[in-house]
K.L.:
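Supplied in structure tokens, the structure appears directly below.
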Amino acid sequence: MDRNLALNLVRVTEAAALSSARYLGRGDKNAADQAAVDGMRKMFDTLNIDGIVVIGEGEMDEAPMLYIGEQIGRCINTSLKVDIAVDPVDGTTAVAKGLPNAIAVVAMAPRGCLLHAPDMYMDKIAVGPKAAGKIHIDAPVEENLNAVARALNKDISDLTVTILDRPRHTELIDKVRKAGARIKLFTDGDVAAAMATCFEHAGVDILLGIGGAPEGVIAAAALKCMGGEFQGKLYPMNDEEKQRCISMGIGDVNKVLTMDDLAKGNEVFFAATGISDGELLRGVVYHQNNVAKTHSMVARSETGTIRFIETIHKLDKKPEYAK
């Protein structure tokens with residue numbers, strides 16, 4: 001894997017963020033998402049890769065672009081064969097309502113290394129580097145919280161758990177509160193929430209709860225690059241979803257999926273660009289004279305390097321595909 005692909009992936013997420021941020025606070029999450037998809041897809045066409053979308057906008061009949069199984073990139077003889085996982089907008093509702101923590105994200109790995117996760121729920125747990133190896137998704141909530149508190153040299157009362165604000169998490173929230181930990185609920189975008197566990201300034205120590213399985217693959221790729229830990233278990237809601245797991249080669253729906261199950265090997269790339277302001281990344285800012293500023297990050301699992309990139313875009317000088 002060419003390390004220069006890392007910077008090219010940032011160009012992909014920048015294009016998505018620049019397009020989607022035009023719809024910040026306008027109340028139309030579908031338009032915000034479609035703009036990001038259009039921008040991301042155009043930029044992918046410029047990369048010297050032979051990519052297959054394994055996590056995308058849905059099946060072929062559901063999405064015109066970035067659908068699961070779509071071949072993207074220049075796709076010539078010299079192109080690297082890779083798996084691509086995308087979420088053009090992690091937090092569409094946040095963009096529509098002008099709320100924080102919406103990001104555009106891409107993960108990439110050699111062909112066959114990213115799990116083609118079915119579009120269903122996944123139970124998740126994620127922690128940063130200091131608590132990696134100390135958790136298990138099947139352990140009781142209090143046991144995991146105590147383990148993370150010890151790893152971080154904190155009292156459990158100083159621990160902050162981030163949980164998606166949904167009715168299905170009522171019991172989980174009660175258990176966390178009974179254990180004595182603090183809770184930070186978020187309304188949308190669980191890739192960003194999982195990433196936040198890897199950065200002390202974000203103020204969260206562990207992610208718990210049920211979210212989307214495709215987002216789980218992207219989060220696992222991100223945390224693999226950042227030295228954290230992610231575990232997941234598919235959460236089918238009915239027999240049809242269980243059968244879907246089996247048809248996609250996941251015979252044991254109760255299997256604990258580690259980062260190596262979700263993002264194999266040590267050549268994983270991850271990039272993200274802020275759409276709205278968040279704990280990790282600042283959102284897109286538009287200035288006068290057709291100038292915009294973006295804030296991104298890119299990481300590689302092979303080296304563990306994490307780069308934060310601030311870019312000033314002179315939009316009238318960009319080629320059409322990059323706007």
Side-chain angles (χ1 to χ4, degrees), residues 90 101 103 105 107 115 122-165 169 171-186 189-211 213 215-233 235 255-266 268 270 272 278-281 297 299-306 308:
D90 178 48
N101 288 317
I103 58 175
V105 294
L115 180 71
M122 175 185 282
D123 195 8
K124 307 173 184 181
I125 184 170
V127 293
K130 291 182 179 179
K134 309 296 183 182
I135 56 164
H136 197 282
I137 195 168
D138 285 338
V141 169
E142 186 173 5
E143 184 177 320
N144 276 321
L145 295 182
N146 279 309
V148 173
R150 288 193 298 270
L152 300 181
N153 196 26
K154 290 184 175 184
D155 291 332
I156 197 168
S157 60
D158 295 326
L159 209 64
T160 302
V161 184
T162 189
I163 301 172
L164 186 62
D165 189 8
H169 289 143
E171 183 178 348
L172 173 62
I173 289 169
D174 288 343
K175 289 180 179 179
V176 171
R177 288 173 175 162
K178 185 177 180 180
R182 306 189 311 161
I183 294 176
K184 183 177 182 180
L185 297 175
F186 64 97
D190 60 357
V191 176
M195 290 166 57
T197 63
C198 294
F199 298 93
E200 290 185 2
H201 69 269
V204 297
D205 302 303
I206 179 171
L207 172 137
L208 295 173
I210 297 166
E215 290 84 356
V217 175
I218 299 174
L223 267 66
K224 189 164 197 175
C225 293
M226 299 172 197
E229 183 172 6
F230 181 98
Q231 296 175 15
K233 291 179 72 173
Y235 197 87
K255 179 183 178 181
V256 175
L257 299 170
T258 66
M259 288 190 295
D260 284 334
D261 294 312
L262 299 164
K264 298 177 185 176
N266 200 32
V268 179
F270 175 81
E279 286 92 350
L280 300 181
L281 297 168
M297 64 162 291
R300 295 174 63 208
S301 63
E302 186 174 3
T303 61
T305 302
I306 303 171
F308 287 88

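Values below: all heavy atoms of this structure, side chains included; hydrogens, waters and symmetry mates excluded.
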K.L.:
Whether the side chain of Asp123 engages the backbone of Tyr235 through a donor-acceptor N/O pair (distance < 3.5 Å, no angle test) should be reported.
P.N.:
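No, Asp123 side chain to Tyr235 backbone: no donor-acceptor pair under 3.5 Å.
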
K.L.:
Flag the pair Val268 / Met259 as yes when at least one side-chain heavy-atom distance between them is below 4.5 Å, and no otherwise.
P.N.:
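A side-chain contact under 4.5 Å is absent here.
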
K.L.:
Could you tell me which residues satisfy side-chain hydrogen bond (donor to acceptor under 3.5 Å, both in side chains) with Lys184, sequence neighbours excluded, listed by chain and number?
P.N.:
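Scan of Lys184 (side-chain hydrogen bond (donor to acceptor under 3.5 Å, both in side chains), adjacent residues dropped) gives Glu279.
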
K.L.:
Between side-chain atoms of residues 216-224 and protein atoms elsewhere (two or more places apart, or another chain), which donor-acceptor pairs fall under 3.5 Å?
P.N.:
residue, atom, partner, partner atom, Å
Lys224, NZ, Asp260, OD1, 2.6
Lys224, NZ, Ala263, O, 2.7
Lys224, NZ, Gly265, O, 2.7

K.L.:
Find out whether Thr197 and Phe230 are in side-chain contact, i.e. whether some heavy atom of one side chain is under 4.5 Å from a heavy atom of the other.
P.N.:
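No, side chains not in contact.
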
K.L.:
Is the backbone of Ile125 close enough, under 3.5 Å, to the side chain of Gln231 for a donor and an acceptor to pair up by distance?
P.N.:
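Pair absent, no side-chain N/O of Gln231 close to backbone of Ile125.
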
K.L.:
To the nearest 0.5 angstrom, please state how far the CZ atom of Arg177 sits from the CD1 atom of Ile183.
P.N.:
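Going from CZ on Arg177 over to CD1 on Ile183, the span is 4.5 Å.
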
K.L.:
Which residue pairs pass the side chain to side chain donor-acceptor pair (under 3.5 Å) test when at least one of the two sits in residues 130-145, sequence neighbours left out?
P.N.:
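Listed once each, the pairs are Lys130-Glu200, Asp138-Lys233.
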
K.L.:
Could you give the distance from CZ (Phe186) to CG (Leu207), rounded to the nearest 0.5 Å?
P.N.:
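Here the interatomic distance stands at 5.0 Å.
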
K.L.:
With sequence neighbours excluded, tell me which residues meet side-chain hydrogen bond (donor to acceptor under 3.5 Å, both in side chains) with Asp205.
P.N.:
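Counting only residues at least two positions away or on another chain, Asp205 forms a side-chain hydrogen bond (donor to acceptor under 3.5 Å, both in side chains) with Lys154.
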
K.L.:
Measure the spacing between CG of Leu159 and CD1 of Ile206 and express it to the nearest 0.5 Å.
P.N.:
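Rounded to the nearest 0.5 Å, the CG-CD1 separation comes to 7.0 Å.
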
K.L.:
Quick one: CG on Leu262 to CE on Met122, what's the gap to the nearest 0.5 Å?
P.N.:
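Going from the CG atom of Leu262 to the CE atom of Met122 covers 5.0 Å.
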
K.L.:
Mind checking side-chain hydrogen bond (donor to acceptor under 3.5 Å, both in side chains) for Glu215 and listing every partner two or more places apart, or none if nothing turns up?
P.N.:
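For Glu215 there are no side-chain hydrogen bond (donor to acceptor under 3.5 Å, both in side chains) partners, ignoring immediate neighbours.
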
K.L.:
Using the test side-chain hydrogen bond (donor to acceptor under 3.5 Å, both in side chains), find all partners of Arg182 that sit at least two apart in sequence or belong to another chain.
P.N.:
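Listed in chain order: Thr160.
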
